[in-house]
Amino acid sequence: MTALVSPEVAPDGRVTFRLRAPNAKEVYVSGIGQQPAAPAAAAPAAAAAPAAPGGFGGPRLDMQKNEQGVWTATTPSR
């Protein structure tokens, strides 16, 4: 079994995510393009945005499965 490289950052800023999950029916990455969260002490609780399922916000990037059961998704270039 070949080792997967993930994440892989391209020179143009795109990031490719890979995951071996041959039995999965759906895989996606979320939180793409989000800035790291400020420490809890630095941000008032009222200002915090609600988290999406899985604890991350931002757009969802659906992954595509190949014939070996490896799911892949690449972000757009910056």
So, [X] side chain and [Y] main chain: donor-acceptor pair closer than 3.5 Å or not?
X	Y	answer
W71	A21	yes
R20	T2	yes
T74	T16	no
T75	V15	yes

Looking at side-chain heavy atoms only, is the closest gap between [X] and [Y] below 4.5 Å?
X	Y	result
K65	V70	no
L4	L19	no
T72	Q64	no

Given the rule that I, L, V, M, F, W and Y join up when any side-chain heavy atoms are under 4.5 Å apart, are F17 and V9 in one cluster?
-> yes

Separation of Y28 OH from M63 CE (nearest 0.5 Å) = 12.0 Å

Minimum heavy-atom separation for V27 to A24, with atom names?
-> CG2-CB, 3.8 Å

Test: E8 and R14 ion pair at under 4.0 Å = no

